[in-house]
Amino acid sequence: MRWRLKLASVIAAVVVIAACGSSSKTASKSSTTASTSTSTSSESTTTTAAAASSGATLATATNSTIGQQILVDSSGRTVYLFMPDGSSKTTTVPAAIKANWPPVKSTATPTVGAGLDQSMIAADMQADGSDQVAYGGHLLYTFAGDKAAGDAKGQGLGGVWYVLSPAGTKIG
């Protein structure tokens, strides 16, 4: 129990420091018939048009910061796994940091875009009655510090938050 409190304190401190040091960036968006791109001055993500337009819960995107394909939500935001969750169907994110790591939720049957396996996605009921999306057995979260599609500022934070590959495995 003590390690969780220490972990929560470390992560909270990292988030506060990151928030204090953030600056506003201008995002530019461009579209073609083949892809939808969103970029900031240091990061870029390309999501396939089929996944973006299908309304899929999860899609794949090439993230230049990570250097490979990652999972993103229906808005193109990077999704993360929380290592202490393991394969649990119930979140173990400490209450002190939940506001910074909102769960990816679903009010209907979750779906996947091109390049992802529909059999790997699930909606797991949480203590509050909501359904949290899981992929490859990992509950999924977004990071409040990611301000735009393509951001992956939560990658590796506290040694417990990681983006996922299309295979449902942690990257990093």
Side-chain angles (χ1 to χ4, degrees), residues 1 3-5 7-8 10-12 14-15 18-19 36 38 45-63 66 68-172:
M1 183 66 172
W3 71 268
R4 284 189 181 175
L5 290 173
L7 175 63
V10 169
I11 292 172
V14 169
V15 170
T36 301
T38 302
T45 298
T46 303
T47 307
T48 62
S53 65
S54 72
T57 307
L58 295 178
T60 61
T62 300
N63 184 287
I66 304 298
Q68 63 189 70
Q69 289 274 312
I70 64 169
L71 291 184
V72 296
D73 69 8
S74 60
S75 299
R77 292 190 56 184
T78 303
V79 298
Y80 301 85
L81 63 82
F82 181 56
M83 290 298 295
D85 278 349
S87 60
S88 173
K89 293 182 181 282
T90 307
T91 183
T92 61
V93 174
I97 63 168
K98 280 189 177 191
N100 292 316
W101 294 96
V104 177
K105 293 186 177 185
S106 180
T107 57
T109 302
T111 59
V112 297
L116 296 175
D117 183 346
Q118 182 67 38
S119 70
M120 292 179 68
I121 195 168
D124 296 328
M125 185 173 286
Q126 300 302 302
D128 66 1
S130 67
D131 285 328
Q132 184 170 353
V133 176
Y135 189 78
H138 301 287
L139 292 171
L140 302 178
Y141 306 85
T142 56
F143 177 50
D146 290 346
K147 300 301 180 192
D151 287 351
K153 296 174 183 170
Q155 173 66 355
L157 277 181
V160 295
W161 294 99
Y162 294 95
V163 298
L164 289 90
S165 74
T169 57
K170 116 178 167 171
I171 297 174

- Query: Are any non-hydrogen side-chain atoms of L140 and L164 less than 4.5 angstrom apart?
  - Reply: yes

- Item | Test side chain to side chain contact (heavy atoms under 4.5 Å, CB included) applied to S88 - qualifying residues, sequence neighbours left out | T90

- Message: Quick one, Y135 with L116, criterion side chain to side chain contact (heavy atoms under 4.5 Å, CB included). Give me CA distance, side-chain angles, the key distance, then yes/no.
- Response: CA-CA 10 Å; Y135 189 78; L116 296 175; 3.6 Å; yes

- Message: I'd like to know if the side chain of T60 and the backbone of P166 have a donor-acceptor N/O pair within less than 3.5 Å.
- Response: no

- Kindly compute the distance separating CG (L58) from OG1 (T111), expressed to the nearest 0.5 Å. 8.0 Å

- Mind checking whether F143 and W161 have ring centres under 6.0 Å apart? no

- Item | D85 versus Y141, side-chain donor and acceptor atoms under 3.5 Å | yes

- Indicate the atoms forming the closest heavy-atom contact of A144 with A99, along with that distance. CB-O, 4.1 Å

- Task: Evaluate the side chain to side chain contact (heavy atoms under 4.5 Å, CB included) criterion for residues Q155 and I66: first the C-alpha distance (whole Å), next the side-chain angles of each, then the deciding distance (0.1 Å), finally the verdict.
- Result: CA-CA 8 Å; Q155 173 66 355; I66 304 298; 3.7 Å; yes

- Are a donor atom and an acceptor atom from the side chains of Y80 and D146 found within less than 3.5 Å of each other? yes

- Does R77 offer a backbone N or O that forms a donor-acceptor pair with the side chain of S75 under 3.5 Å? no

- Task: Provide the full list of salt bridge (charged side-chain N to carboxylate O under 4.0 Å, His left out) pairs with a residue in residues 159-168, sequence neighbours left out, each pair given once.
- Result: none

- Task: Report yes if the side chains of I70 and I171 come closer than 4.5 Å at any heavy-atom pair, otherwise no.
- Result: yes

- Task: Test side chain to side chain contact (heavy atoms under 4.5 Å, CB included) on T78 and L71 and set out the steps.
- Result: CA-CA 6 Å; T78 303; L71 291 184; over 6 Å; no

- Task: Mind checking side chain to side chain contact (heavy atoms under 4.5 Å, CB included) for A122 and listing every partner two or more places apart, or none if nothing turns up?
- Result: D124

- Between T62 and Q69, does a side chain to side chain donor-acceptor pair (under 3.5 Å) hold up when you go through it step by step? CA-CA 4 Å; T62 300; Q69 289 274 312; 2.4 Å; yes

- Message: Would you compute the distance between atom NZ of K89 and atom CD of Q126 and round it to the nearest 0.5 angstrom?
- Response: 10.5 Å

- For Q118 and V112, indicate whether the former's side chain and the latter's backbone hold a donor-acceptor pair under 3.5 Å. yes

- Show the numbers, then the answer: is there a side chain to side chain contact (heavy atoms under 4.5 Å, CB included) between Q132 and V104? CA-CA 6 Å; Q132 184 170 353; V104 177; 5.6 Å; no

- Applying side chain to side chain contact (heavy atoms under 4.5 Å, CB included) to T109 and not counting sequence neighbours gives none

- Message: Suppose the criterion is salt bridge (charged side-chain N to carboxylate O under 4.0 Å, His left out): which pairs have a residue in residues 106-120, not counting sequence neighbours?
- Response: none

- Note on the structure: Scanning both residues in full, the closest heavy-atom pair of G150 with N63 reads O-ND2, 3.0 Å

- Query: At what distance, to the nearest 0.5 angstrom, does CD of Q68 lie from OG of S165?
  - Reply: 7.0 Å

- Note on the structure: Across all chains, not counting sequence neighbours, the side chain to side chain contact (heavy atoms under 4.5 Å, CB included) partners of P110 are T57, S106, I121, A123, V133

- Item | Non-hydrogen side-chain atoms of T91 and K98 separated by less than 4.5 Å | yes

- Item | Pair K105 + D73, salt bridge at N-O below 4.0 Å | no

